[in-house]
Amino acid sequence: MTNLLTKIKNTIKADLNEALERKENQNPIALLNQYLQECEQETEKVKKLVDRHSQLKDEFERELAEAAELAEKRKYQAGIASKAGETELYQFASAEQQHYSERAERLRVSLKHIYGQLEELEQKYEEMKHKLKDMHIRRMELMGRENVTRANQQINKVLDSTSYSEKPYSRFQEIEGYLSRLENQVNKDFHSSSIDARVAQLENEMKMSEDKISL
């Protein structure tokens with residue numbers, strides 16, 4: 001049964017890896033966007049943990065300051081009670097001083113660990129942010145290469161005459177030929193209309209000359 005479950009698990013894992021590899025080959029930027037989103041979510045979680053640990057450090061510091069202050073206060077009070085001969089008050093103040101001193105020492109040790117943990121968390125958080133920034137730059141680089149590739153494909157599609165085997169010219173050549181033919185036709189029509197107008201003018205001038213002679 002265990003072997004069967006292991007086999008099924010490995011098969012699912014292999015299918016998943018194959019699907020991810022196929023997705024990456026088909027659209028690497030989409031997969032990178034997915035990774036970025038996941039990394040951003042994890043980075044945000046770490047940031048919250050760092051903030052929480054920083055708040056915990058502040059609480060420890062406040063507790064330590066309070067315990068140290070009370071220890072000093074009870075020490076002073078014990079001294080006053082001792083000078084005054086107040087045995088019970090002295091014993092109470094001394095016991096309180098011992099209690100607060102032990103608490104302060106315990107808090108110092110804990111706070112030392114907190115400082116180390118917080119420093120480690122902050123370093124890892126900074127590493128994650130740098131990694132995330134590198135991935136953003138990587139995505140921009142991929143997008144740039146993808147844009148260039150697509151642009152070149154479009155340019156080649158237009159310029160490469162082999163993609164139009166049924167036509168003797170590329171698309172640009174066809175457009176240039178059409179424009180040349182259109183220009184020739186316009187010039188021909190212009191010259192034709194100019195000749196017609198000139199001949200008509202000559203005919204009119206000749207007729208006017210003949211009318212003058214006949215008079």
Side-chain angles (χ1 to χ4, degrees), residues 1-21 23-24 28-144:
M1 184 67 178
T2 303
N3 292 335
L4 178 60
L5 292 175
T6 302
K7 184 176 180 180
I8 293 174
K9 180 180 178 181
N10 292 335
T11 301
I12 294 174
K13 183 178 180 180
D15 292 341
L16 180 60
N17 291 334
E18 182 180 355
L20 288 174
E21 183 177 359
K23 182 178 180 181
E24 183 175 4
I29 293 182
L31 186 61
L32 184 57
N33 286 337
Q34 179 181 341
Y35 288 157
L36 274 171
Q37 184 178 9
E38 294 173 357
C39 287
E40 287 172 349
Q41 292 173 351
E42 293 301 320
T43 303
E44 185 62 26
K45 291 179 182 178
V46 172
K47 181 181 183 302
K48 291 179 180 179
L49 291 174
V50 172
D51 292 341
R52 187 181 302 171
H53 220 64
S54 180
Q55 293 173 359
L56 185 62
K57 173 187 71 70
D58 294 339
E59 291 180 10
F60 267 95
E61 289 175 342
R62 285 194 295 270
E63 290 291 339
L64 174 58
E66 180 181 355
E69 181 182 356
L70 288 173
E72 286 296 321
K73 181 179 180 180
R74 292 293 185 260
K75 180 180 179 179
Y76 172 78
Q77 291 173 340
I80 297 297
S82 177
K83 290 179 180 180
E86 294 289 337
T87 305
E88 291 184 4
L89 183 58
Y90 169 76
Q91 291 176 346
F92 175 79
S94 296
E96 285 281 291
Q97 177 200 352
Q98 181 68 24
H99 177 76
Y100 286 125
S101 296
E102 291 175 354
R103 177 184 296 176
E105 184 60 28
R106 180 180 177 182
L107 286 168
R108 286 190 185 94
V109 174
S110 297
L111 193 56
K112 184 178 180 180
H113 289 302
I114 292 292
Y115 284 145
Q117 294 166 353
L118 182 59
E119 182 179 1
E120 183 180 359
L121 281 174
E122 288 175 340
Q123 288 177 352
K124 290 183 177 180
Y125 175 59
E126 290 299 321
E127 290 176 4
M128 292 184 71
K129 288 198 297 183
H130 285 304
K131 184 66 175 178
L132 192 60
K133 177 62 70 174
D134 291 339
M135 292 181 70
H136 275 291
I137 294 174
R138 177 63 174 165
R139 179 176 63 174
M140 289 190 296
E141 291 172 345
L142 284 176
M143 290 175 65

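One is the number of the first residue; the rest follow in order along the sequence. The basis for the numbers below is simple: all heavy atoms, side chains too, and nothing from hydrogens, waters or symmetry mates. Please read all numbers here as calculations on a predicted model, not as lab measurements.
Taken to the nearest 0.5 Å, the OG atom of S101 stands 8.0 Å off from the NZ atom of K75. Separating the OH atom in Y35 from the CZ atom in R139 is a distance of 15.0 Å, to the nearest 0.5 Å. The CD atom of E66 lies 7.5 Å from the OH atom of Y100; values are rounded to the nearest 0.5 Å. Here the OG atom belonging to S110 is positioned 10.0 Å from the CD atom belonging to E105, to the nearest 0.5 angstrom. Atoms NE2 and CG, from H136 and N33 in turn, are 9.5 Å apart once rounded to the nearest 0.5 Å.
The shortest side-chain heavy-atom distance between Y115 and E119 does not fall under the 4.5 Å cut-off. Residues K45 and E42 form a side-chain contact, since some pair of their non-hydrogen atoms from C-beta on lies under 4.5 Å apart.
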Stepwise side chain to side chain donor-acceptor pair (under 3.5 Å) test for R74 and Q77: CA-CA 5 Å; R74 292 293 185 260; Q77 291 173 340; 2.9 Å; yes

Salt bridge (charged side-chain N to carboxylate O under 4.0 Å, His left out) between K47 and E44, intermediate numbers included: CA-CA 5 Å; K47 181 181 183 302; E44 185 62 26; 5.3 Å; no

Candidate pair D134 and R138, rule salt bridge (charged side-chain N to carboxylate O under 4.0 Å, His left out), full reasoning: CA-CA 6 Å; D134 291 339; R138 177 63 174 165; over 6 Å; no

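Note on R62 versus D58: no salt bridge recorded, every NZ/NE/NH1/NH2 to OD/OE distance being 4.0 Å or above. Salt bridge annotation for E61-K57: present, with a cationic side-chain nitrogen under 4.0 angstrom from a carboxylate oxygen. Salt-bridge annotation for K124 and E127: absent, with no side-chain N of the basic residue lying under 4.0 Å from a carboxylate O of the acidic one.
Residues satisfying the side-chain contact (heavy atoms from CB on, under 4.5 Å) criterion with V50, sequence neighbours excluded, are V46, L118, L121, E122, Y125. Listed by chain and number, the residues in a salt bridge (charged side-chain N to carboxylate O under 4.0 Å, His left out) with K112 amount to none (sequence neighbours excluded).
The two atoms that bring A78 and Y90 nearest to each other are O-CD1, 3.0 Å, heavy atoms only. Between M135 and L36, the closest heavy-atom pair is CB-CD2, 3.4 Å. In plain terms, the two heavy atoms of T43 and K129 that are nearest each other are CG2-CG, 4.2 Å. Taking every heavy atom of both residues into account, C39 and L132 meet most closely at CB-CD1, 3.7 Å.
For CD of E141, the number of neighbouring non-hydrogen atoms (other residues, nucleotides, ligands) closer than 6.0 Å is greater than 12. Within a 6.0 Å radius of OH in Y76, other residues, nucleotides and ligands contribute 12 heavy atoms or fewer. More than 12 heavy atoms of other residues, nucleotides or ligands lie within 6.0 Å of CD in E38, so this atom counts as buried by the packing criterion. Atom CD of E40 is surrounded by more than 12 heavy atoms from other residues, nucleotides or ligands within 6.0 Å.
The only member of Q97, R103, E102 that meets side chain to side chain donor-acceptor pair (under 3.5 Å) when paired with H99 is R103.
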